[in-house]
Visitor: 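Structure in structure tokens, see below.
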Amino acid sequence: MSDQPAIARVIVEVARNREFDYRIPERLLGALTVGAQVIVPFGHSEARGYVVGFKDSSTFARLKEIREMVGRQALVGENVLKLARWIADYYLAPVETAVRAVLPGAVRNKGAGYQERLQVVPAALSHDEAAMQQLRKRAPKQAAALDLLLSGGPAFLSHLAHAAHTSPAAVRGLEQKGFVQISRQTAERDPLAQQVFLRTEPLTLMPQQTAALAQVKQSMDTLQPSVILLYGVTGSGKTEVYLQAIQHGLARGRGAIVLVPEIALTPQTIERFRGRFGDTVAVLHSRLSTGERHDEWHRIQDGRARIVIGPRSAVFAPVRDLGLIVVDEEHEPSYKQEEAPRYNARDVAVVRGRLDRCAVVLGSATPALESFYNVRRGKYALAAMPARVDHRQMPVIRVVDMRIEAEREGQAHVFSRELIEAIKTRIERAEQTMLFLNRRGYASALICPKCGYVAECTQCSVALTYHKATDELLCHICGAHRRVPARCPAPGCGDPAFRFAGVGTERVEIILHKLFPFARVQRMDSDSTTQKGSHRRILGDFRTGQIDVLVGTQMIAKGLHFPNVTLVGVVFADLSLHRPDFRAAERTFQLLTQVAGRAGRGEIKGEVIVQTYTPHHPAIQAARRLDYQGFMDQELEARRELGYPPFTHLVGLTLKGPSEQKITFAGDLFVKQLQPLLDPQVQMAGPLPAPLARAKGDFRYQILLRAPQTKQMTGPLRQTLAAFKWPPDVACAVDVDALSLT
Ligand code: ADP
Ligand code: ZN
């Protein structure tokens with residue numbers, strides 16, 4: 001007998017935001033655990049669900065019974081399940097979407113049954129000619145499979161059956177007759193199988209690293225403090241600190257999760273972890289096939305992999321006895337998921353740290369204002385590494401005022417004289433240059449100089465970008481493309497002379513070819529890396545010195561380490577500054593600092609040239625002085641005055657739909673119902689048109705709420721949302737702690 005209660009609470013995957021009670025059948029009593037995947041009757045059919053708890057009785061009289069349990073063990077650990085619940089609660093997301101987020105589809109869909117593959121090898125009888133003859137006569141299909149096996153060598157059961165055009169049962173028949181042996185083999189599809197990693201040994205740490213590591217170790221051993229912000233300039237050796245902290249945990253039987261932004265999850269990064277720890281490192285990223293993801297996940301769950309490295313969703317990896325979670329580049333907006341549940345993996349990491357009682361390290365050269373503020377008010381501890389490894393010097397940053405440049409030249413150019421000179425010198429000295437511009441394509445707009453017409457997307461409220469390679473206009477929001485019109489289509493104009501305004505990476509590349517016909521120039525952006533492996537190839541070529549100048553979008557801004565790069569140019573720094581977002585200054589500062597960090601990582605001191613039309617902007621000036629502290633202090637004051645995060649939390653509701661009128665009508669009504677429930681501390685604005693007022697044919701409106709505590713907003717919002725009926729063609733998305741307000 002088991003003393004397990006007879007009723008299970010189950011989150012059903014297809015159901016909206018509810019938990020259901022089911023009776024546990026006799027045969028499963030005692031076997032079910034929290035986190036087990038089950039099949040339950042639901043409506044007129046059945047559905048997949050997860051056990052989230054137990055109870056002795058239910059208010060429902062006629063409970064249905066759980067049909068079956070999938071696999072033998074819980075798929076979701078208890079803490080990860082708690083984490084899913086926390087996410088559903090905090091981010092106002094349906095609980096089943098949160099459960100889906102914590103479990104990769106590849107794992108959910110195959111169930112908990114560990115995907116053992118059966119390996120087939122020839123047995124003694126297969127060498128008996130007489131027996132083989134007989135088999136060929138009586139069971140030609142089996143014989144064909146056996147022949148294949150004998151010629152091709154050991155194979156997996158499913159592969160062999162498939163290749164021989166027969167069924168797995170037929171192959172099993174061969175086993176019964178004694179022709180083959182079938183054994184359980186767990187064959188992982190190791191995504192890194194073809195690569196060889198050189199083993200690396202722990203480096204002798206610099207004093208600042210030793211001090212930081214001591215803090216982290218103390219945190220791992222005592223949870224005092226439990227969260228550390230590791231503020232270390234680019235090249236200060238943060239990764240080595242992570243590696244040695246992980247080692248400290250491993251020696252005590254504890255695993256680790258390392259989160260890195262997807263974009264920084266390069267072979268180079270993976271190499272550093274695999275080089276130190278070998279096979280015990282599992283890598284999760286979006287380029288894995290379903291099978292690979294499944295295998296990696298199970299390798300983690302059953303403890304064969306103890307270290308996980310991956311993008312935001314890796315925060316849910318089923319690592320047991322977790323000792324440390326590292327969030328590298330913690331300020332990165334890509335840690336925020338843009339669909340429900342809209343969680344921020346950095347903040348989820350902190351919560352998981354609390355649940356799993358492990359240390360959390362947030363690392364960055366430019367910590368988010370929120371994290372900086374959390375240090376200020378004593379929530380996080382600070383470990384600082386202000387110098388570069390080996391006392392390499394920080395680069396010199398020069399700001400070029402493009403207004404003066406334009407005056408001198410009589411017209412605006414893409415490159416200032418200074419930048420051209422600097423690139424030229426680098427090419428002569430066989431040093432490398434990186435040029436950064438956060439906009440792809442050739443020109444950001446097609447403008448009629450006569451009437452001022454701008455080619456816009458018909459579905460989105462943005463100008464179309466001209467792409468020269470394909471000779472077409474492209475919408476960067478919805479992907480629509482159009483031919484370039486021969487004449488201005490504005491009524492009554494029809495002028496044939498169009499002008500391209502604004503620069504993109506494609507144009508920068510073309511100009512470079514003209515300026516330096518003998519230089520090897522390569523562009524890296526999402527247009528030039530559509531082919532699988534091209535990303536890696538370009539970086540490989542750059543590393544081996546086959547490229548002189550690399551032009552790119554933010555793809556080249558992060559985490560890369562190329563010792564021979566002595567010059568970094570920011571073609572147009574104002575691009576990120578003039579965005580309709582209160583974080584624009586912070587983002588610009590971070591971006592410039594990150595980009596600058598790419599320069600001079602070798603023996604030679606680096607130089608950074610920042611071209612801008614607003615040279616005196618505080619973000620640009622602070623970046624020039626490498627003055628993180630000063631910028632953050634100033635920015636904090638501004639945010640405090642305006643009542644923006646981190647002094648408040650922000651919840652954004654985006655309303656979308658084809659009818660503007662319906663959106664505003666429903667939005668007004670919603671606000672009217674919500675308002676009376678709100679604490680006076682909560683400020684609400686809207687519905688107002690979003691900065692991106694139209695996208696993909698839909699109108700977009702926003703309702704913004706701000707308050708010192710998230711709960712002050714999410715409580716009333718939950719209540720109002722539960723009762724409110726949006727018209728069928730108005731969609732409402734709630735974003736708690738929204739990072740992007742476009
Ligand atoms: P960060 O992550 O802070 O930008 P990295 O960890 O990438 O810095 O370190 C920059 C470079 O310095 C790397 O090539 C790394 O191998 C090297 N490095 C780090 N720590 C040491 C050390 N203690 N001694 C020698 N080299 C080091
Ligand atoms: Zn569009």
Side-chain angles (χ1 to χ4, degrees), residues 198 200-213 216 229-247 258-261 264-266 268-273 275-276 309 326-332 361-367 383-395 441 444-445 454-465 467 472-482 543 557-565 590 593-603 606 628 656 692-700 742:
L198 292 178
T200 63
E201 294 298 323
L203 300 172
T204 309
L205 296 181
M206 306 208 330
Q208 63 177 15
Q209 288 172 309
T210 308
L213 180 64
V216 176
L229 178 67
L230 178 57
Y231 161 52
V233 298
T234 44
S236 59
K238 293 187 287 295
T239 311
E240 187 62 31
V241 174
Y242 305 153
L243 289 168
Q244 298 199 18
I246 291 169
Q247 182 137 42
V258 181
L259 302 184
V260 293
L265 195 51
T266 57
Q268 221 180 332
T269 309
I270 296 170
E271 215 174 290
R272 292 180 76 176
F273 286 84
R276 190 68 55 88
I309 168 162
V326 172
V327 185
D328 194 30
E329 311 279 3
E330 64 88 33
H331 63 280
E332 268 293 306
V361 172
L362 311 178
S364 175
T366 51
M385 303 205 295
R388 281 188 163 185
V389 170
D390 280 353
H391 305 290
R392 277 178 201 139
Q393 292 176 52
M394 294 304 279
S444 56
V454 177
E456 280 188 2
C457 179
T458 53
Q459 303 294 301
C460 313
S461 54
V462 292
L464 294 167
T465 303
H467 287 245
E472 63 186 4
L473 296 168
L474 188 71
C475 173
H476 284 184
I477 300 294
C478 73
H481 31 116
R482 256 167 63 192
R543 174 181 312 282
K558 315 269 160 72
L560 302 171
H561 177 67
F562 299 105
N564 199 33
V565 172
Q590 286 166 343
T593 310
Q594 295 286 336
V595 171
R598 303 303 112 223
R601 303 199 73 175
E603 299 303 318
Y628 173 80
K656 278 197 304 201
L692 179 64
R694 271 186 87 214
K696 301 176 189 176
D698 281 338
F699 289 92
R700 304 174 78 253
T742 44

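As the structure is a prediction and not an experimental result, all values here were calculated from the model. Sequential numbering from 1 along the given sequence is applied to the chain's residues. Numbering of ligands and ligand atoms starts at 1, following listing order.
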Visitor: Heavy-atom distances under 4.0 Å are what count here, so tell me which part of Gln209 touches ligand 1: side chain, backbone, both or neither.
Guide: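 It is the side chain that touches ligand 1; the backbone stays farther off.
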Visitor: Would you call Lys238-Glu329 a salt bridge at under 4.0 Å N-O?
Guide: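 No.
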Visitor: Looking at every heavy atom in both Leu203 and Glu240, which two are closest together, and how far apart are they?
Guide: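 Residues Leu203 and Glu240, closest heavy atoms: N-OE2, 3.1 Å.
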Visitor: Within the 4.0 Å heavy-atom shell around Thr204, which atoms of ligand 1 are there?
Guide: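 Contacts of ligand 1 toward Thr204, numbered from 1: 22 (C), 23 (N), 24 (N).
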Visitor: Decide whether an N or O pair under 3.5 Å exists between Leu203 and ligand 1.
Guide: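 Min N/O separation from ligand 1 is not below 3.5 Å for Leu203.
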Visitor: Going by the order shown, which atoms of ligand 1 are within less than 4.0 Å of some heavy atom of Val389?
Guide: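 That gives atoms 12 (O), 18 (N), 19 (C), 20 (N), 21 (C), 25 (C), 26 (N), 27 (C) of ligand 1.
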Visitor: Gly232 to ligand 1: N or O pair under 3.5 Å?
Guide: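 N/O-N/O distance below 3.5 Å does not exist for this pair.
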Visitor: Minimum heavy-atom separation for His481 and Glu472, please, with both atom names.
Guide: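 Shortest heavy-atom separation between His481 and Glu472 comes out as ND1-OE1, 3.1 Å.
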Visitor: I need the minimum non-hydrogen distance between Gly441 and His467, along with the two atoms involved.
Guide: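 Where Gly441 meets His467 most closely, the heavy atoms are CA-CE1, 3.5 Å.
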Visitor: Heavy-atom distance to atom 7 (O) of ligand 1: which of Arg272, Met385, Glu329 wins?
Guide: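 Comparing heavy atoms across Arg272, Met385, Glu329, the nearest one to atom 7 (O) of ligand 1 lies in Arg272.
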Visitor: Looking at every non-hydrogen atom in both residues, tell me the closest pair between Gln247 and Pro202 and how far apart they are.
Guide: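 Gln247 and Pro202 have their closest heavy atoms at OE1-CG, 3.5 Å.
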Visitor: Have a look at ligand 1 and work out which part of Asp328, if any, has a heavy atom under 4.0 Å from it: side chain, backbone, both or neither.
Guide: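 For Asp328, there is no contact with ligand 1 at all, from either part.
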Visitor: Which atoms of ligand 1 have any heavy atom of Thr234 under 4.0 Å away?
Guide: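 So the atoms of ligand 1 that pass are 4 (O).
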Visitor: Ligand 1 versus Arg388, non-hydrogen atoms closer than 4.0 Å: side chain, backbone, both, neither?
Guide: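 The answer is neither.
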Visitor: Under 4.0 Å from a heavy atom of Val233: which atoms of ligand 1 are those, numbered in the order shown and with their elements?
Guide: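 It comes down to these atoms of ligand 1: 3 (O).
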Visitor: Which is it for Thr239 and ligand 1 at heavy atoms under 4.0 Å: side chain, backbone, both or neither?
Guide: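 Both backbone and side chain.
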Visitor: So, at under 2.8 Å, which protein N, O or S atoms would a careful student list around the Zn ion (ligand 2)?
Guide: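 Near the Zn ion (ligand 2), the protein supplies Cys457 SG, Cys460 SG, Cys475 SG, Cys478 SG.
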